[in-house]
Amino acid sequence: MPLRDFKCQKCGAIFEELCLRKGEKVKCPKCGGKKLEILFSPFAFSRGGSGVSSCSSCQTKKCSQCR
């Protein structure tokens with residue numbers, strides 16, 4: 001299932017949205033804006049049991065998603 005990162009052109013909010021259908025209309029959860037930019041987000045990965053991972057939002061391995 002494609003989880004995509006978006007940036008709202010109206011308020012600048014960055015958020016993730018699960019897009020189940022092609023052409024699905026997405027709006028900003030903060031302001032309701034519909035003019036969105038799809039951001040490039042690298043895939044998350046994990047190395048077999050080492051606990052090393054990276055998320056698409058920080059790539060520093062220090063955020064709450066990476067721990």
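One is the number of the first residue; the rest follow in order along the sequence.
Considering all non-hydrogen atoms of both residues, Ile14 and Lys7 come closest at CG1-CG, 4.0 Å. Heavy atoms only, all atoms of each residue included: Lys10 and Gly33 are closest at CD-CA, 4.4 Å. The shortest non-hydrogen separation linking Gly32 to Lys27 is O-CB, 3.8 Å.
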query = Should Arg4 and Glu17 be marked as a side-chain contact (heavy atoms from CB on, under 4.5 Å) after you check the CA-CA gap, both sets of side-chain angles, and the distance that decides it?
reply = CA-CA 5 Å; Arg4 296 206 169 109; Glu17 186 74 29; 5.7 Å; no
Pair Gln9-Glu37, side-chain contact (heavy atoms from CB on, under 4.5 Å): steps then yes or no = CA-CA 7 Å; Gln9 297 297 307; Glu37 174 186 355; 3.1 Å; yes
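Among residue pairs with one or both ends in residues 4-24, those qualifying as ring pair (Phe, Tyr, Trp, His ring centres under 6.0 Å) are Phe6-Phe15; sequence neighbours excluded.
Counting heavy atoms from C-beta on, the side chains of Ile38 and Asp5 never come closer than 4.5 Å.
No single ILVMFWY cluster, assembled from side-chain heavy atoms under 4.5 Å apart, contains both Val26 and Leu20.
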